[in-house]
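Following: one structure in structure tokens, then a few remarks.
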Amino acid sequence: MLDYQAILEEIHESLKKVENTGEVASYIPELANVPKDKFGIHLHLITGENYSVGDASEKLSIQSISKVLSLAKAFQLVGNDLLERVDVEPSGHPFNQLSLLELEDGIPRNPLINSGAIVIADILLSHLKNPKEDFLNFVRELAHDETISYSEKVAESERLTGFNNYAAANLLKAYGNLHNDVEDVLEFYFHQCSIMMDCRQLTNAFFVFANRGKCLKHIQHLTASQVKRINAIMLTCGFYDEAGEFAFEVGLPGKSGVGGGIVALLPHCFTIATWAPALNPKGNSYLGMQALEQFTTKTKLSIF
């Protein structure tokens with residue numbers, strides 16, 4: 001029997017001694033205020049046990065991690081029809097790259113880069129009666145936690161500086177792949193990215209992807225087939241142009257965000273989340289990537 005608490009503490013202690021060469025995301029001003037030395041890990045086993053270390057109970061801006069949750073909601077609403085508007089191929093490019101969008105006639109490479117997530121936001125806007133409220137309720141249902149909420153400060157900070165996202169949305173609109181007003185879609189998208197959660201709440205929300213579409217309370221939210229597809233997209237596209245490296249080093253489906261969070265999972269076994277705000281040059285958490293590599297190495301638990 002593995003001593004998970006001891007393993008997390010060992011990883012946390014060893015990485016606290018590493019020189020953290022990462023940088024906190026500063027292009028969203030509100031994120032630049034987060035102390036660089038924050039570092040937490042939370043592990044949630046499918047059997048119900050939970051283990052935490054460090055700053056795992058502090059709230060972080062989940063940012064692009066939300067793209068997996070919006071994708072799940074879109075699958076729930078329209079099924080495979082969403083694949084007519086967004087592809088499922090790794091981009092091999094940064095998350096905010098626009099050149100591929102032009103080359104490929106306004107069809108984003110996958111739903112986890114910004115342009116793809118903006119298309120998913122457009123789908124949700126078309127199908128939800130009260131998009132912001134309904135999406136937040138969906139996330140709360142998955143995590144069974146009514147305290148999860150948006151940060152209006154972060155959403156506003158993104159709105160004031162999100163010029164690349166405005167460019168992507170207008171390009172999508174030009175190709176006919178955005179059905180709602182650019183401003184409306186982006187207002188929803190910026191709020192989606194501004195959701196605040198701690199590491200434990202992230203592992204709770206992502207439990208559905210480790211449990212064949214059933215949440216913590218065994219309510220079926222997604223089909224096993226949809227979960228299989230979402231996990232495949234996370235494995236191949238969840239870390240932008242570092243997705244191959246994450247699969248190689250860690251060997252789990254997962255998703256990162258520029259708030260410094262990473263959540264990953266092993267189907268039928270566990271979900272795990274790390275938070276360390278300083279990012280590597282690819283925009284992924286510098287310590288979080290190393291922590292997850294150490295975790296799968298020490299436990300010998302990965303999909304490979």
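No experiment lies behind these values; they were computed from the predicted model shown. The chain is numbered in sequence order, starting from 1.
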Check: Phe206 ring centre within less than 6.0 Å of Phe209 ring centre: yes

Test of ring centre spacing under 6.0 Å for Tyr4 and Phe270: no

Under 3.5 Å, is there a donor-acceptor pair between the [X] and [Y] side chains?
| X | Y | answer |
| --- | --- | --- |
| Thr297 | Glu293 | yes |
| Asp87 | Asn110 | no |
| Glu158 | Gln63 | yes |
| His42 | Ser52 | yes |
| Ser126 | Asn180 | yes |
| Gln294 | Gln290 | no |
| Ser57 | Asp198 | no |
| Glu242 | Asn280 | yes |
| Lys67 | Ser64 | yes |

[X] with [Y], same ILVMFWY side-chain cluster at under 4.5 Å:
| X | Y | result |
| --- | --- | --- |
| Leu125 | Tyr150 | yes |
| Phe246 | Val258 | no |
| Phe188 | Val154 | no |
| Leu292 | Ile11 | yes |
| Ile303 | Ile230 | no |

Within the side chain of [X], is there an N or O that forms a donor-acceptor pair under 3.5 Å with the backbone of [Y]?
| X | Y | result |
| --- | --- | --- |
| Tyr51 | Ile7 | no |
| Trp275 | Gly259 | yes |
| Ser157 | Glu30 | yes |
| Gln220 | Leu222 | yes |
| Asp134 | Asn130 | yes |
| Asn231 | Pro267 | no |
| Arg140 | Glu146 | yes |
| Asp55 | Glu58 | no |
| Ser285 | Gly261 | no |
| Thr236 | Pro90 | no |

Check the surroundings of atom [atom1] in [X]: do more than 12 heavy atoms from other residues, nucleotides or ligands lie under 6.0 Å from it?
| X | atom1 | answer |
| --- | --- | --- |
| Lys228 | NZ | no |
| Lys153 | NZ | no |
| Lys173 | NZ | yes |
| Phe248 | CZ | no |

Pair [X] + [Y]: basic N to acidic O under 4.0 Å:
| X | Y | value |
| --- | --- | --- |
| Lys298 | Glu10 | yes |
| Asp37 | Lys16 | no |
| Lys282 | Asp241 | yes |

Do [X] and [Y] make a side-chain contact, defined as non-hydrogen atoms from C-beta onward lying under 4.5 Å apart?
| X | Y | result |
| --- | --- | --- |
| Arg212 | His268 | yes |
| Asn20 | Phe39 | no |
| Gln76 | Phe138 | yes |
| Met196 | Gln201 | no |

Intermediate values then yes/no, side-chain hydrogen bond (donor to acceptor under 3.5 Å, both in side chains), His144 and Asn204: CA-CA 8 Å; His144 288 277; Asn204 289 347; over 6 Å; no

